[in-house]
> 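Once you've had a glance at the structure underneath, I'll fire off some questions.
Note that the structure is a prediction, hence the values are computed from the model and not measured.
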Amino acid sequence: MRSLPILDFPPPKPAYSSQITQNVSTPRVRCSHKPMMESNQSLLGNAHEQHMRPISALQLSATDESTTLYSAGMDGLVCQWDISSIDQCATPKLVQSARPHRNWIWDMALCRGQETVVTCSSDCTVKAWNAGTDGSSYELGAHEDFVKALASAHAASWVASGSLDRTICLWDLKEGRQEPMWRAMAPASIYSTTCNYTGSVTATGGVDRTIHGWDPRMQDSTFELFGHDDNVRTMCMSPDGRYLLSGSSDTTVRLWSVGEQRCIHTFLHHNSSVWSLYSNDPQLTTFYSGDRDGYLCKVDWNQNKDLSEGQCIVLARESSNETGQIPSILSIAVDNPQEVIWSSTLASSTFRCWKDVPTNSNYQLTREGDLPNLRQLPLKSQVNLKPIRHSDLLNSPLSSNFSQASPALVEALNSSQLQLPESAEEASPLSTSPLIEVPGSHGIIRACMLNDRMHALTIDSGGVVALWHIPKARCLGTFDNDSLHAAAHARQANDDWRPQDKPSDTLDLVQGIIEGDGVTQSWCSLDTSTGMLTVHIDESRVWSAEVYADEFNLDVVSGEEQPWTEDRVVLGVCVLRNLFRGLLLAETVLHPPENNDGIPQLARWLSSLQIPSETLLHMPLSQLPNAIRSDNTDQSLYSIMAHMTGTFTSTASGSVPAPAQVAESPLETTLLQLLNKVQAHFFTTPSSATSISSADSNGSLLNGLRRGVQKPQARLDSSNRTALVNFEQDLNALQSILQGPRRSAPPSPGTPGIFYADDLPIELLQDICQSGESKLVYRGSVVSIGRDTPLLELLAPLWLLKILFVRQNPNKELPRIRVHLEKWTPAQVSGTQPMKHALEAPQLSNKYSSVTTPRLLRVARIAEYVYQSLIASGVQAPYTYQSSSSVDVPIDIMCRNVTLPPRLTLVQCLRHWTRGTGDNMQLQYRWKAPAL
């Protein structure tokens, strides 16, 4: 494993003085003398097969041959584990993993004989993945808000999803259509859902504190259950649909009779919100529950007997050694044959295995001290399901089972042994440590951009704070842990302070120490939802941030100063042109200058080969003329598209399944429609055009297509005609872009070369207006961009293609500032040295004393302006200067008696030194003291 440098904080900043500082815009760090440590995968940027964020869902799949555990995390990752033969010395074996989502997975369900894994996420989608395949997934459908819960009817071929958009949807697993089989509106946001084995009864719960019943066959609401006082967070239903178990934020677990629509019993053994439930008992009388405080309990009772005869055991209490998060239990999975319980929490990417206790619903008596079986377990680990009064117990049927009221029972009744704890919080967990821990990896949990907009700070779940160069996609190092604690204690932190307990405060602390004086416009946003650092670039800000090239290339760790340059770098544009370097190079092969008509390559291949669109996508690359070759030339465009989108579930053999076996990719459907339309535009008459919905000019051509039946142009209404015109305009714009003169691949003028790692992932997203989320259109890497170029010509948004291909930069007016220049006057104190008076320069005339200039202009240019203005006014410099640079002029620019560095920009002065308001600032000038 690679290592990263250890960084240390700089010495304390000196008070502002007349001394000129250098490199003020970059972070102030220095390299530590401590040896480098092995770094986490999340900092090295490598793909990781283990979870890096908390695990939100666990599911068990058991067959005669093996037992499999699936884990789904908030990092969007799903892992498959073999737990067939585990013991206390071995951990489960990771079989494979897939990342169907780019955001938090909230729930997971096993469907179709436990062969299909279905997940739902904060990206508003529901996706299916067949274990044993290549790891790609198929999108069943989407909601308009976070999808929080899933329920699988094992005897049916559908899965239900509940969302914060207040809808419950049924998705067909057999046909795989994009529209739900049935959709119903609930009164409030849905947090939990469940159904019976046949799927005839479905229930949802949420923030309205009510459980709503649905009949998918009649497609209507069937019942409502009232009783909870807060959000219904978790539910499970008996296979026959007669009983329902619900857990709520009101700290209670309720058992309901669905047929009678009443609550059979309310369990009060938790003191905090109940987050998870599990039961495979036909009547739900044996169940497991987990709460917000990490208590894992098992309840075992019989509806035909008194509740006081039941058992409530506090099996364990989860804790976290990684973060300051409360160890809320998010999911429970029980392996009955092995008598173990698996649990995951909100506080860690580690999930654990605990020892279970035997289920004993009949409560047969033993002769161990003449006490019933339920008393064999430690009393301190049990919770009183119902307050026990000695008189009630003496008169209960249970006492008649003892011959002549044995002395042991009488002694027990008269002692405190039967005074059980009233809640899990008062009990002592049966297990103090888990049988097995399956550790995850420390993932990044917070990130913040520094003011120079080139560097960022991150902190992971292990408390490691790292410094990044964002445009270069490189981690510069991690900060020394001792220095972090010293800085925190200097600010009155507690002795037990940990960086990960309050990650945002820790980043603010570090930023306040190392922050330079850089001031740059925002050009991207940072995301850590997957446990890795992700950078988002969109059209609205891609041209907004410029920095000087010498600052861009500065190594902040070594502190080596770069040669002065006036060249500027547009950060967003520079990153994109380097990331898509392979596309620029591939275009010279696909569209050579001597034969370039701007027609997309897929349309050209379709026309030259005279084959249907479907056949083109399934042809091996080796059979396509002038194709960009990859390592596997027998790979088809279809298989490339499947891997780069992650929206298609292939068979285990890797062959393309028949449509009857699995539905086609939604992207494939849309791409085929688009390809037919492009073919019609370039190679056939307009009469064969098909129906198009309105296109988004800011997106790709794919945004202009509508799924459904294609209609002849003669039947298009006026709105569709307008949309067709807009789409034709986009096609013409695409042709113009591809036909124009090619921009040379980086490094090119104004674009410094950045060499990214081949495996650096790249994604293209399409905004979903209804939810504010984004849908994945393309997933690839730096090394795969060239091979994917024919597809990217149609998938990439037009604004991105313009940045890559068009040589002219947009005429963007830079923000400007008005500078008022005054001569510097030495302080009027006794004993003033003559040198200070000699540095005083004449006052500029009104013609030159005010100037409006770009905010990014450097102080050196203001000094040059002052010098030239003084010379133009007939003023002679008092000393002779030997200038080695065109900007090294004999003028000092000052602000508040501080001599400003020549590299400093005006916007930095406005932010950090001047007392000016708005876009006006005042500066002073004087002659520079002669060199000694």
> Hey, does Cys574 have a side-chain heavy atom less than 4.5 Å from the side chain of Thr751?
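The answer is yes, as the side chains (C-beta and beyond) meet within the 4.5 Å cut-off.
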> Flag yes if more than 12 heavy atoms outside Lys802 fall under 6.0 Å of its NZ atom; otherwise flag no.
no
> How about Ile445 and Asp460: do any of their side-chain heavy atoms sit closer than 4.5 Å?
no
> For the CG atom of Leu571 and the SG atom of Cys524, what is their distance to the nearest 0.5 Å?
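Here the rounded value is 8.0 Å.
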> Does one side chain, of Thr119 or Trp129, offer a donor that lies under 3.5 Å from an acceptor on the other?
no
> Donor-acceptor check, side chain of Asn578 to backbone of Pro752, threshold 3.5 angstrom: yes or no?
yes
> Restricting to non-hydrogen atoms, name the atom on Ala796 and the atom on Leu764 that form the minimum distance, rounded to 0.1 Å.
CA-CD1, 3.9 Å
> Side chains of Thr530 and Asp75: is there a donor and an acceptor less than 3.5 Å apart?
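Absent: no donor and acceptor within the cut-off.
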> Taking Ser349 for the side chain and Ser441 for the main chain, is one N or O donor matched with an acceptor at less than 3.5 Å?
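Yes.
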> So do the side chains of Ile599 and Val678 get within less than 4.5 Å of each other, counting heavy atoms only?
no
> Check Leu801 against Leu792 and note the closest heavy-atom contact, atom names and distance.
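Smallest interatomic distance, heavy atoms only, reads CD2-O, 4.5 Å.
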> Contact between Leu800 and Val542 at the side-chain level, heavy atoms closer than 4.5 Å - yes or no?
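Answer no - side chains too far apart.
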> May I ask you to decide if the ring planes of Trp171 and His143 are parallel, tilted or perpendicular, using 30° and 60° as cut-offs?
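If you compare the ring of Trp171 with that of His143, the planes turn out perpendicular.
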> Could you tell me whether the side chain of Gln59 and the main chain of Met108 form a donor-acceptor pair under 3.5 Å?
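Yes; judged by distance alone, with no hydrogens or angles, the pair exists.
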> Could you work out, with side chain to side chain donor-acceptor pair (under 3.5 Å) as the rule, every residue matching Asn596, not counting sequence neighbours?
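Not a single residue meets the side chain to side chain donor-acceptor pair (under 3.5 Å) criterion with Asn596.
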> Say you draw a straight line from CG of Leu734 to CZ of Phe682; how long is it, rounded to the nearest 0.5 Å?
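Leu734 CG to Phe682 CZ: 6.5 Å, rounded to 0.5 Å.
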> Would you say the side-chain atoms of Asp165 pair up with the backbone N or O of Glu144, donor to acceptor, closer than 3.5 Å?
yes
> Which atom pair, heavy atoms only, marks the closest approach of Glu139 to Lys127?
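The answer is CA-CG, 3.9 Å.
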> So, for Leu110 and Ser61, which heavy atoms are closest and what is the spacing to 0.1 Å?
CD1-CB, 3.8 Å
> Considering residues at least two apart in sequence or located in another chain, which fulfil the side chain to side chain donor-acceptor pair (under 3.5 Å) criterion with Ser639?
Ser636
> Taking the side chain as everything from C-beta on, heavy atoms only, tell me whether Glu587 gets closer than 4.5 Å to Leu583.
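Yes. Closest side-chain heavy atoms under 4.5 Å.
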> Treating Trp605 as the side-chain partner and Pro625 as the backbone partner, does any N or O pair qualify as donor plus acceptor under 3.5 Å?
yes
> Nearest heavy-atom pair of Ser161 and Leu150: which atoms, and what distance?
CB-CD2, 3.7 Å
> When you measure from the side chain of Arg779 to the backbone of Pro761, do you find a donor-acceptor pair of N or O atoms at a distance under 3.5 Å?
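No; zero donor-acceptor contacts below 3.5 Å.
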> Are any of the side-chain heavy atoms of Leu804 and Ile737 separated by less than 4.5 Å?
no
> Does the side chain of Leu671 reach to within under 4.5 Å of the side chain of Leu791, using non-hydrogen atoms?
yes
> Are side-chain heavy atoms of Tyr778 and Ile785 found at a separation under 4.5 Å?
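Yes, close enough: below the 4.5 Å cut-off.
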> The test is side chain to side chain contact (heavy atoms under 4.5 Å, CB included); show your working for His536 and Leu765 and say whether it passes.
CA-CA 10 Å; His536 292 277; Leu765 307 177; 3.9 Å; yes
> Can you name the residues that form a side chain to side chain donor-acceptor pair (under 3.5 Å) with Asp597, not counting sequence neighbours?
Arg604
> Show your working on side chain to side chain contact (heavy atoms under 4.5 Å, CB included) between Val575 and Trp523 and close with a plain yes or no.
CA-CA 11 Å; Val575 168; Trp523 61 278; 3.9 Å; yes
> Can you name the closest pair of heavy atoms from Ile55 and Ala72 and give their distance?
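It is CG2-O, 3.4 Å.
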> Which is it for Arg102 and Ser529 under the side chain to side chain contact (heavy atoms under 4.5 Å, CB included) test, yes or no, and what are the steps along the way?
CA-CA 8 Å; Arg102 298 178 301 98; Ser529 58; over 6 Å; no
> Tell me, please, which residues at least two apart from Gln80 pass side chain to side chain donor-acceptor pair (under 3.5 Å).
Gln96
> Please name all residues satisfying ring pair (Phe, Tyr, Trp, His ring centres under 6.0 Å) with Trp104, sequence neighbours left out, ordered by chain then number.
Trp106
> CG of Leu637 to CZ of Arg787: how many Å apart, nearest 0.5 Å?
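Between Leu637 CG and Arg787 CZ, I get 9.5 Å after rounding to 0.5 Å.
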> Hey, mind stepping through His681 and Asn732 against side chain to side chain contact (heavy atoms under 4.5 Å, CB included) and telling me if it holds?
CA-CA 9 Å; His681 174 81; Asn732 292 332; 3.3 Å; yes
> Indicate yes or no for a side-chain donor-acceptor contact from Asn103 to the backbone of Ser121 under 3.5 Å, with no hydrogens or angles considered.
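Absent.
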> Any chance you could measure Thr789, atom OG1, to Leu590, atom CG, to the nearest 0.5 Å?
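With rounding to 0.5 Å, OG1 (Thr789) is 6.0 Å from CG (Leu590).
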> Could you give the distance from CD1 (Ile803) to CH2 (Trp543), rounded to the nearest 0.5 Å?
6.0 Å
> Can you tell me how far SG of Cys120 sits from CZ of Phe146, rounded to the nearest 0.5 angstrom?
11.5 Å
> The criterion is side chain to side chain contact (heavy atoms under 4.5 Å, CB included); which residues satisfy it with Glu179, sequence neighbours excluded?
none
> Whether the side chain of Arg53 engages the backbone of Thr528 through a donor-acceptor N/O pair (distance < 3.5 Å, no angle test) should be reported.
yes
